[in-house]
Amino acid sequence: TLSGTFNLAQNVRDSSLSLTLPSLDISLARFYPFKRKKAAGKERWYEKIAMSYTGSLSNSISTKENLLFKSNIIKDWRNGMRHNIPINATFSLFNYINITPQFTFTDRMYTHKVMKSWDEEKQVEQNDTVWGFHNVYNYSMSVSANTKLYGFYTPLFGKKIQTIRHVFTPTVSFSYAPDFSTPRYGYYASYVKTDKDGNVSTVNYSPYNGSLYGVPGKGKTGNVSMDISNNIEMKIRTKNDSVKKISLIDELGANLSYNMAAKSRPWSDLSTRIRIKTPWNYTFSMNAVFATYAYEFDDKGRVRVGDKTEWS
């Protein structure tokens, strides 16, 4: 799928204009690159690998009307490209556990970057634009496992309630992304600043700040997430001897995660949710978040979130 737009905004008072030519969005539906055209026998594991693609391209400028055709497409226009490629698959372990690994790659292409330095004599920050092809990418990996456990209860007494079914769905997932602020990637830089009073400090920045599609964030992530979901339904026998299904609890769930890369407070807050469908076609939903870490007082008597968990 390819979609494109062209935008022009012009102010006749001062002959200024903003032009986008073009803005393109490209998407490729999910497909299986290793699937055989003529399948014979059992499906092989690599045939379950699926991938898709989304891409964006934009080229825009804000200038005066008489300078538009004198502008340089690289130096005067703000442009860039972004590609996003997710790759995933679903495998069955022991016929009951679903394993879903995923790898996501995001690539950005820019025509310039801005390197900064400090001029001690003039006491100003200097910007040096470096033109050329600059590739800024990041990636992340994740794997999740889930299954469903079914429980049935049939009342010993009474003929109206046939059975009550409970579905318990636990999910455990792990996600990882490296720290893209390390020097080997070159997405972040720094310079030493000495002010007029002789104070020395280090200023951190990204040469790609302000770029069209941003820059990968700082910090390594390694999250382990745990989620549970419950569903309870009941089958009853009606007056005309037919069976009717009634939802007692449409969903009752909770989610908690642990960041292995965090140096302090690695546990997230506990998120809970409940959804109940009433017989009158109304749905009641409620979400609640419980703080994992207890409040404490600092040295000045102010309340802050501490490093000790509520259960400790």
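One is the number of the first residue; the rest follow in order along the sequence.
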Using a cut-off of 6.0 Å, state whether more than 12 heavy atoms not belonging to Asn240 lie near its atom CG. yes
I would like to know whether Met81 and Arg108 meet side chain to side chain contact (heavy atoms under 4.5 Å, CB included); could you show each step before the answer? CA-CA 6 Å; Met81 292 183 67; Arg108 307 163 187 82; over 6 Å; no
Taking atom types as modelled, is there a side-chain donor on Ser16 or Asp14 under 3.5 Å from an acceptor on the other? yes
May I ask you to decide if Pro266's main-chain N or O and Asn259's side chain share a donor-acceptor pair within less than 3.5 Å? no
Mind telling me whether Tyr213 and Tyr110 have parallel, tilted or perpendicular rings, with 30° and 60° as the class edges? parallel
So, the side chain of Gln123 versus the backbone of Thr194: is there a donor-acceptor pair under 3.5 Å, distance only? yes
Step by step, work out the side chain to side chain donor-acceptor pair (under 3.5 Å) result for Asn59 and Arg78. CA-CA 6 Å; Asn59 193 41; Arg78 188 169 182 254; over 6 Å; no
Anything under 30° is parallel, anything over 60° is perpendicular, the rest tilted; go ahead and classify Trp45 against Phe91. tilted
Ile99 and Thr90: CA distance, side-chain angles, deciding distance, side chain to side chain contact (heavy atoms under 4.5 Å, CB included) verdict: CA-CA 6 Å; Ile99 307 294; Thr90 301; over 6 Å; no
Would you say Ser23 and Thr20 are linked by a side-chain donor-acceptor pair, where the criterion is simply a distance under 3.5 Å? no
How about Asn281: does its CG atom have over 12 heavy atoms from other parts shown lying under 6.0 Å from it? no
Using the ring pair (Phe, Tyr, Trp, His ring centres under 6.0 Å) criterion, which residues pair with Trp118? Sequence neighbours excluded. none
Are more than 12 heavy atoms from other residues, nucleotides or ligands located less than 6.0 Å from atom NZ of Lys308? no
Please check: side-chain N/O of Thr106 versus main-chain N/O of Tyr137, any donor-acceptor pairing under 3.5 Å? no
For Asn146 and Ile97: C-alpha separation, side-chain torsions, deciding distance, then whether side chain to side chain contact (heavy atoms under 4.5 Å, CB included) applies. CA-CA 6 Å; Asn146 70 80; Ile97 302 175; over 6 Å; no
Could you walk me through whether Asn231 and Ile249 satisfy the side chain to side chain contact (heavy atoms under 4.5 Å, CB included) test, starting with their C-alpha distance in whole Å, then the side-chain angles of each, then the deciding distance to 0.1 Å, before giving a yes or no? CA-CA 6 Å; Asn231 172 272; Ile249 298 178; over 6 Å; no
So, Phe105 versus Tyr139, ring centres under 6.0 angstrom or not? no
So among Arg275, Arg273, Lys245, which one has a salt bridge (Lys or Arg N to Asp or Glu O under 4.0 Å) with Asp250? Arg275
Rest of the hydrophobic cluster containing Val167 (Ile/Leu/Val/Met/Phe/Trp/Tyr, side-chain heavy atoms under 4.5 Å)? Tyr150, Phe152
Nearest 0.5 Å please: distance from the CG atom of Asn287 over to the OG atom of Ser271. 8.0 Å
For the aromatic rings, using the six-membered ring if either is Trp, is the centroid distance between Tyr187 and Tyr185 under 6.0 Å? yes
Kindly check if the number of other-residue, nucleotide or ligand heavy atoms within 6.0 Å of CZ (Phe31) is above 12? yes
Is the number of heavy atoms from other residues, nucleotides or ligands within 6.0 Å of CZ (Phe6) greater than 12? yes
Tell me yes or no: between the side chains of Ser18 and Ser62, is some donor less than 3.5 Å from an acceptor? yes
Flag for Thr111-Asn79: side-chain donor and acceptor within less than 3.5 Å: yes
For the hydrophobic clusters of this structure (ILVMFWY residues joined by side-chain heavy atoms under 4.5 Å, transitively), does one cluster hold both Met286 and Leu248? yes
Should the heavy atoms of other residues, nucleotides or ligands under 6.0 Å from CZ of Phe133 be counted, would the total exceed 12? yes
Considering only residues two or more places apart or on different chains, which pairs with a residue in residues 160-180 satisfy side chain to side chain donor-acceptor pair (under 3.5 Å)? Lys148-Thr169, Arg165-Glu233, His166-Asn230, Asp179-Ser181
Between Ser268 and Ser257, do the side chains contain an N or O donor and an N or O acceptor separated by less than 3.5 Å? yes
Within the 3.5 Å criterion, strictly below it, is a donor on Thr104 or Gln102 matched to an acceptor on the partner's side chain? yes
Will you find, in the side chains of Asp307 and Ser264, an N or O donor that is under 3.5 Å from an N or O acceptor? no
When you look at NZ of Lys277, are more than 12 heavy atoms from neighbouring residues, nucleotides or ligands closer to it than 6.0 Å? no
Can a side-chain donor-acceptor contact be found between Asp76 and Asn72 if the only test is distance below 3.5 angstrom? no
Has Asn223 got a side-chain atom pairing as donor or acceptor with Ser225's backbone, closer than 3.5 angstrom? no
Sub-3.5 Å donor-acceptor pair from the side chain of Thr292 to the main-chain atoms of Trp267, do we have one? no
Has Lys220 got more than 12 heavy atoms of other residues, nucleotides or ligands less than 6.0 Å from its NZ? no
For a quick check under 3.5 Å, do Thr278 and Trp280 share a side-chain donor-acceptor pair by atom type? no
For the hydrophobic clusters of this structure (ILVMFWY residues joined by side-chain heavy atoms under 4.5 Å, transitively), does one cluster hold both Phe168 and Leu270? no
From Ser312 OG over to Tyr293 OH, what is the distance, rounded to the nearest 0.5 angstrom? 9.0 Å
Within this structure, what is the CG-OG distance for the pair Asn7 and Ser60, rounded to the nearest 0.5 Å? 9.5 Å
Among Lys37, Lys35, Lys42, Arg36, the one residue meeting salt bridge (Lys or Arg N to Asp or Glu O under 4.0 Å) with Glu47: Arg36
